[in-house]
Amino acid sequence: MSLRKIAVALVFATFAVGQAAAATCESLADLKLPETTITAAQSISAGTYTAPNGEAFTNMPAFCRVAATLTPTRDSDIGIEVWMPASSWNGKFEGVGNGGFAGAIEYSALAPGVRLGYATVSTDTGHIGSSTDGSFALGHPQKIIDFGYRSIHLMTVRGKQIAAAFYSKNPQGSYFTGCSTGGRQALMEAQRFSNDYDGIVAGDPVAYYTHHHVGGNLWVVRQMFNNPASTVFTTEDTLLGNAVNAACDALDGVVDGVLNDPRRCHFNPEKLLCEGSEKPPNCLTAEQVEAVRNLWSGPDQMVHEQGYYPPFERGGEADGWPSSISPPPPPAPQTDAHENIGLPFFKYFVFDNPSWDFRTFNWISDPAYVDNKIVLPGQILESVLNSINPDLKRFQAQGGKLIQYHGFSDPEVPPKTSINYFESVANFPGESLQRTEEFYRLFMVPGMNHCKGGPGANVFDMLTPLVQWVEHDTAPERVIATHYVNNNPAQGVQFTRPLCSYPREAVYKGSGNPNDAANFVCK
């Protein structure tokens, strides 16, 4: 038994003393836990279940739904829900992550876990609101801390205790899965709370959170909205994507609309510059060319700090840029994902001004201010929100396993952020690539947008290989991914590809159907 499992067993053995096994789901309403109020405990019948937010989930097993509110501070109001299979529990526990600013229980993440037999838990991270609503942070430093790291940890601790009370048995394996904000939460768990989970999946993580809002979100907003003449509309995205593919698609040996490693692509957007009477969307204006060039070169030129934040990669523009980077042409509202989630961060987390104008941002001095904005004495934004600590030795020593993945065509979080973090761990004193791969694997996903979608093979299962790694010590070398026709499973499989453990990549053997993953090797 690993040190982690011994420690967890001792904790729950202590908890179990004085806690009688729950006779029914409903009896969990009387469960007493520190700083916790059980607000619902109900048995749900098998079949279709309609969650409190109106989402309907089919083919659900019978399960016990427990909702609770956690109050670690006077200004905390952390909602959690634990869904536990009534008769088909696999003995395991799964925590699931959030997206954006969270603000809601992720019911769509709870349901799949329960179908697989996991006791599954989710949190709203301490506030109620849409995923783009950052107003909860204004004047509420404890809620920033809850959002940053405390809610996921407490969700995990209380979720396991609730599961132990229901089953009269401790979970025998604990896993966490999340993408985007959920990926940041996943890395935070590995770095800060190394005993919480045996295995963790971190997808497209917004790990360098403070730098991302400056060098990712605000950098895109500056290119798209500072000067109306520079805006690249959705009507130009296909032109841009086709040009990139024409220049770089064949570099990996297979012409399939996917760049295996976009870092090898150096297409110059100036080749699309309008000439004579040409006009967008058939070409790009000089201002648009400059905006695209800036997105592909990154913000270092403005913040004067080498390596401050990496740029976005070429590839997948036709699929990924609409709504993420490019707004629709007028008269539609001029906004994109980076503005919708980036500006609230500066308004409510940083400058405490709901009327803050992004044009007032000082690119010389304000980046440091963002990092060092005081949340509470001894805690600043970068320490509360960033999950970039390369020291994973505690997690490693406890037997933990970490799988990270990132779409190589992600238009919201630059793919190099995951590569940079993986390499920082491998280069940490006492580590090496070989030692790191014993507990941590990174899978770059060619042609995938942010967490899903895009022209690449973007549907895959990372939880199963993680469980195999944790429980059977079988490290994943490759994971098969699928691309469906029009990204719609109902329309059938278009092609499959292996995702390879970085720094390896999938290489076509040179014979056989290039739409079949079996004809690719990881090199």
Side-chain angles (χ1 to χ4, degrees), residues 1-12 93 95 97 145 148-150 152-154 156-157 160 171-178 182-203 205-211 307 371 378-380 382-406 416-444 462-463 465-477 501-504:
M1 179 180 289
S2 70
L3 292 175
R4 173 197 308 276
K5 291 184 177 179
I6 292 173
V8 171
L10 289 173
V11 168
F12 281 100
F93 178 88
I145 293 171
Y149 62 83
R150 187 163 52 204
I152 291 292
H153 172 59
L154 292 180
T156 302
V157 173
K160 288 181 181 180
Q172 297 304 298
S174 299
Y175 301 90
F176 184 91
T177 59
R184 181 188 67 82
Q185 293 166 336
L187 293 181
M188 189 72 81
E189 281 291 295
Q191 296 163 17
R192 191 183 284 258
F193 303 106
S194 56
N195 287 322
D196 278 359
Y197 292 98
D198 302 299
I200 292 173
V201 175
V206 199
Y208 214 153
Y209 199 77
T210 55
H211 284 210
D371 281 342
Q379 299 209 61
I380 56 178
E382 69 171 0
S383 67
V384 171
L385 299 173
N386 293 347
S387 54
I388 57 170
N389 184 355
D391 184 1
L392 295 179
K393 290 187 181 297
R394 287 186 305 159
F395 183 71
Q396 180 183 12
Q398 296 291 345
K401 307 298 183 186
L402 170 62
I403 292 178
Q404 185 170 336
Y405 65 86
H406 204 128
K416 283 184 183 176
T417 58
S418 281
I419 294 173
N420 290 348
Y421 178 69
F422 178 81
E423 292 180 346
S424 75
V425 175
N427 292 323
F428 191 75
E431 292 292 345
S432 65
L433 176 61
Q434 182 177 359
R435 283 178 54 83
T436 298
E437 286 191 317
E438 293 174 0
F439 73 98
Y440 175 19
R441 298 283 175 111
L442 169 65
F443 293 84
M444 300 304 294
M462 288 296 180
L463 179 58
L466 177 67
V467 172
Q468 290 296 312
W469 196 7
V470 169
E471 299 180 6
H472 302 288
D473 203 27
T474 304
E477 299 289 343
S501 176
Y502 182 85
R504 304 160 193 85

Would you mind reporting whether [Y] and [X] have side-chain heavy atoms less than 4.5 Å apart?
X: L392; Y: F439; answer: yes
X: Y440; Y: F395; answer: no
X: L433; Y: P503; answer: yes
X: D198; Y: Q398; answer: no
X: W469; Y: I403; answer: yes
X: S418; Y: P205; answer: yes

Backbone of [Y] reached by a side-chain donor or acceptor of [X] within 3.5 Å:
X: R504; Y: S501; result: yes
X: S383; Y: Q379; result: no
X: Q191; Y: N389; result: yes
X: R192; Y: H153; result: no
X: R435; Y: G430; result: yes

Legend entry - Residue pair T210, E382: steps toward the side-chain hydrogen bond (donor to acceptor under 3.5 Å, both in side chains) verdict: CA-CA 6 Å; T210 55; E382 69 171 0; 5.1 Å; no
Can you name the nearest heavy-atom pair linking [X] to [Y], along with the distance?
X: R441; Y: E437; result: NE-O, 2.9 Å
X: L402; Y: A202; result: CD1-CB, 4.3 Å
X: M188; Y: V384; result: CE-O, 3.6 Å
X: K160; Y: S174; result: CE-OG, 3.2 Å
X: I419; Y: M444; result: CG1-SD, 3.8 Å
X: F176; Y: G182; result: CE2-O, 3.5 Å

If you measure from [atom1] on [X] to [atom2] on [Y], what distance do you get to the nearest 0.5 Å?
X: I152; Y: R150; atom1: CD1; atom2: CZ; result: 13.0 Å
X: T436; Y: E431; atom1: OG1; atom2: CD; result: 4.5 Å
X: T417; Y: R184; atom1: OG1; atom2: CZ; result: 13.5 Å
X: Q468; Y: T474; atom1: CD; atom2: OG1; result: 6.0 Å
X: L466; Y: Y175; atom1: CG; atom2: OH; result: 6.5 Å
X: L385; Y: D371; atom1: CG; atom2: CG; result: 10.0 Å

Inset, instruction - Test side chain to side chain contact (heavy atoms under 4.5 Å, CB included) on F443 and H406 and set out the steps. - result: CA-CA 7 Å; F443 293 84; H406 204 128; over 6 Å; no
Residue list, ring pair (Phe, Tyr, Trp, His ring centres under 6.0 Å) with [X], at least two apart or on another chain:
X: H211; value: Y208, Y308
X: F93; value: none
X: Y421; value: none

Legend entry - Partner of K401 under side-chain contact (heavy atoms from CB on, under 4.5 Å), chosen from I200, V470, V201, V467: V470
Inset, instruction - Indicate the ring-plane relationship of F422 and Y502, choosing parallel, tilted or perpendicular according to the 30° and 60° boundaries. - result: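 Taking Y502 first and then F422, their aromatic rings stand perpendicular (interplane angle over 60°).
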Inset, instruction - Kindly indicate, with the supporting measurements, whether the criterion side-chain hydrogen bond (donor to acceptor under 3.5 Å, both in side chains) is fulfilled by T156 and Y197. - result: CA-CA 9 Å; T156 302; Y197 292 98; 2.5 Å; yes
